[in-house]
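Read the structure below first, then the notes.
Numbering starts at 1 and runs along the sequence shown.
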Amino acid sequence: MKLKDFIPGNRKSEEEQQVTETITCKKCKKELDKSRVVKNKYVCYECGYYFRVRAKNRIKMVADAGSFEAWDEDLMTGNPLNFPEYEDKVSATQEKTGLKEGVTVGRCTVNGEQTVLGVIDARFMMGSMGHVVGEKITHAVERATKEKLPVILFCCSGGARMQEGIISLMQMAKTSAAVKRHSDAGLLYIPVLTDPTTGGVTASFAMLGDLILAEPKALIGFAGARVIENTIGQKLPAGFQRAEFQLEHGFVDAVVEREDLKNTLWKILKMHKPKKGFANFDPAHDDDRYEPTELMRERAAKSEPLSAWDKVTAARQMKRLGSVDYMGKIFDDFIELHGDRYFRDDPAIVGGIAYLDGQPVTVIGVHKGKDLKDCAYRNYGMPSPEGYRKAVRLMKQAEKFGRPIITFVNTSGAYPGTEAEENGQGEAIARNLYEMSGIRVPILCLMIGEGGSGGALALAVGNQVWMMENATYSILSPEGFASILWKDGKRAEEAAGVMKITAQDLKELHVIDDIIPEYGGASEDALSSIANYMKGNMKKFLKEQDGKSGEQLAQERYDRFRAF
């Protein structure tokens with residue numbers, strides 16, 4: 001304190017004496033209060049820019065306090081190619097950052113759930129993957145496999161470490177092989193892609209997760225923009241290779257805000273804990289919970305039976321309840337997962353993981369949309385090849401983790417456009433039929449609206465198939481049937497009457513196992529009653545499957561379709 005501060009009127013308050021430490025946002029260029037940025041999880045409170053996070057701070061943000069136990073901190077970086085001045089650069093980087101290498105790995109808990117955690121720090125030679133980075137990641141995954149633990153790995157890297165040349169390249173194969181063994185052991189692996197994730201890291205462990213998360217606007221790609229532009233002279237569009245671009249193109253499951261990341265990871269870890277048996281069902285306790293309201297009983301009693309053509313019309317109504325309506329009412333904590341990992345995320349197929357009264361399940365639905373704009377976005381519920389590939393990816397994931405699969409089908413059929421043919425529509429549908437026939441967990445399929453041809457069957461190879469009372473399920477539309485057989489599409493109503501496409505017809509043919517009541521029509525006021533009926537019977541279905549082996553479940557599904 002200076003002498004002038006003792007003069008009355010000149011003394012500053014304690015707050016005024018404290019100097020506020022500031023940092024400059026790289027995006028909006030504003031001076032920011034560093035303490036506020038830290039409190040905001042290193043996100044600019046003016047423009048939302050995501051600062052890169054140091055390994056120790058990332059661990060603080062994700063791991064429970066005091067739970068992180070570091071592994072392999074004694075591994076020393078060598079110089080496999082005797083590259084000039086490489087040791088000096090490593091030493092200088094170690095001194096500057098306080099890190100021994102570019103990745104920190106260890107074990108911790110996330111809201112009490114045990115996991116192995118790895119964090120790559122971009123300050124260490126741009127997070128590049130040398131032999132020590134590869135060794136630490138590989139050994140952490142191997143140890144997680146031995147100890148039956150999930151792995152979360154925060155990726156932030158410029159790719160391979162140039163000074164280690166071909167030895168760095170070998171780390172791609174080494175880390176990928178370790179991830180494969182971890183996966184074969186039935187264990188969960190979640191890469192979280194942060195800015196930037198590029199090069200050899202993207203082309204190895206960063207893209208091999210059961211679920212892949214990304215932070216908003218993170219740069220994610222194999223060849224960097226500068227490399228692409230310099231090599232082929234192509235000008236790249238805005239947003240190219242950003243997290244949102246990768247989500248749209250099917251390569252990540254979700255883009256998660258940093259403030260939600262820990263809780264999202266915890267939910268995923270919890271959903272993937274080993275669980276014996278399926279949902280508990282106590283008829284004495286639960287039956288009353290799933291009864292329709294008296295109003296719905298009265299409405300059902302007053303409703304007149306519909307003709308086959310009336311049911312075609314009813315099934316096509318835009319206001320008819322859709323898959324997301326039932327999913328939202330029946331299940332808890334739904335986490336939507338995106339993408340086929342090959343080309344695109346098809347919004348006509350909505351899928352993810354959720355709880356059915358405490359039992360983790362995989363839920364997949366064809367969604368037509370709720371208004372004209374939504375319908376156009378979802379292609380009116382006509383899936384493309386990437387939609388079917390997303391669905392089968394989620395089913396195979398469910399099989400790995402022992403989760404029952406529940407599908408909701410409402411589609412006029414697979415999308416018949418040129419791009420669908422170019423991308424292999426027939427192969428995608430065939431692959432679903434092929435894979436679903438042998439999946440070793442229970443599969444329950446609900447036909448809730450239109451069931452159009454192979455596009456619907458691709459999501460309806462179940463141990464049981466249920467159908468709503470006013471839904472339809474057919475080889476093709478009545479219009480198409482009349483046009484092909486009678487050369488007159490105007491005879492569609494007549495065709496509907498002879499095609500045997502109603503729930504009642506298909507129950508007699510043993511194509512379906514149960515008819516779901518609509519209580520006068522599948523509209524918003526009937527949602528609770530219909531969803532309650534579905535939920536109660538879903539739990540009965542799972543109880544019936546309890547104790548069956550994977551082989552038995554697959555064999556019963558095979559036998560079901562073998563009988564036709």
Side-chain angles (χ1 to χ4, degrees), residues 247-250 308-328 336 338-340 343-352 363-392 394 407-426 428-429 432 445-460 467-468 470-484 489 492-493 495-496 499 501-502 518 521-524 527:
L247 181 72
E248 181 183 348
H249 288 81
W309 181 248
D310 288 337
K311 291 187 177 186
V312 171
T313 304
R316 292 174 174 175
Q317 292 296 313
M318 185 184 296
K319 292 183 179 180
R320 184 178 177 85
L321 293 171
S323 58
V324 295
D325 298 308
Y326 298 118
M327 290 157 67
E336 185 176 357
H338 295 265
D340 64 348
F343 171 65
R344 192 175 77 99
D345 179 56
D346 182 0
I349 300 283
V350 176
V363 187
I364 301 167
V366 184
H367 187 38
K368 288 187 174 184
K370 302 301 290 183
D371 53 44
L372 286 175
K373 183 178 179 181
D374 195 27
C375 286
Y377 170 64
R378 299 182 188 278
N379 205 29
Y380 295 85
M382 293 184 288
S384 296
E386 52 271 25
Y388 293 114
R389 290 173 181 138
K390 172 168 69 170
V392 83
L394 297 182
T407 70
F408 294 85
V409 183
N410 182 15
T411 179
S412 59
Y415 180 56
T418 55
E419 58 267 44
E421 293 299 320
E422 290 170 349
N423 292 321
Q425 185 71 286
I429 292 171
N432 275 37
C445 307
L446 287 74
M447 315 302 294
I448 62 170
E450 287 187 281
S453 193
L457 180 61
L459 293 175
M467 189 169 170
M468 297 187 67
N470 294 327
T472 60
Y473 191 12
S474 60
I475 188 170
L476 80 170
S477 70
E479 294 89 342
F481 185 95
S483 295
I484 291 172
E493 183 173 348
M499 289 174 67
I501 63 176
T502 70
E518 295 188 11
S523 56
E524 191 67 35
L527 174 59

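Although no hydrogens or angles enter the test, the distance criterion places no donor-acceptor pair under 3.5 Å between the side chain of Asp346 and the main chain of Pro383. Between the side chain of Asp325 and the main chain of Gly322, a donor-acceptor pair closer than 3.5 Å is present. Side chain of Ser453 to backbone of Ile475: a donor-acceptor contact under 3.5 angstrom is found. Judged by distance alone, the side chain of Tyr388 and the main-chain N or O of Gly455 form a donor-acceptor pair under 3.5 Å. Between the Gln425 side chain and the Pro416 main chain, no donor and acceptor come within less than 3.5 Å of each other.
Ile448 is listed as a side-chain neighbour of Ser323, based on a closest heavy-atom distance under 4.5 Å. For the pair Ile349/Leu394, no side-chain contact is recorded, criterion being any heavy-atom separation below 4.5 Å from C-beta on. Two residues are said to be in side-chain contact when any heavy atoms from C-beta on lie closer than 4.5 Å; His367 and Pro347 fail this criterion.
From Ile501, atom CD1 reaches atom CZ of Phe481 across 9.5 Å, with rounding to the nearest 0.5 Å. Atom OH of Tyr326 is separated from atom CE of Met468 by 3.0 Å, given to the nearest 0.5 angstrom.
Scanning for side-chain hydrogen bond (donor to acceptor under 3.5 Å, both in side chains) contacts around Lys319 gives an empty result, with sequence neighbours left out.
Shortest non-hydrogen contact noted between Leu321 and Ser523 is CD1-O, 3.3 Å. Closest approach of Met467 and Thr502 over heavy atoms only: CE-C, 3.9 Å. Closest non-hydrogen pair, Ala496 versus Ala308, comes out as O-CB, 3.4 Å. Nearest heavy atoms, Tyr380 versus Lys368: O-CG, 3.6 Å. Closest heavy-atom contact between Ala492 and Pro478: O-CB, 3.4 Å. Scanning all heavy atoms of the two residues, the minimum distance from Ala420 to Pro385 falls at O-CG, 3.4 Å.
Across Leu459, Leu457, Thr407, a single residue satisfies side chain to side chain contact (heavy atoms under 4.5 Å, CB included) together with Cys445, and that is Thr407.
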- Item | Derivation of the side chain to side chain contact (heavy atoms under 4.5 Å, CB included) call for Leu372 and Met318 | CA-CA 9 Å; Leu372 286 175; Met318 185 184 296; 3.5 Å; yes
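The pair Glu450-Arg320 fails the salt-bridge criterion, with no side-chain N (NZ, NE, NH1 or NH2) lying under 4.0 Å from an Asp/Glu carboxylate O.
Applying the salt bridge (charged side-chain N to carboxylate O under 4.0 Å, His left out) test to residues at least two apart or on different chains, the pairs with a partner in residues 375-392 are Arg344-Glu386, Asp345-Lys390, Asp374-Arg378, Arg389-Glu427.
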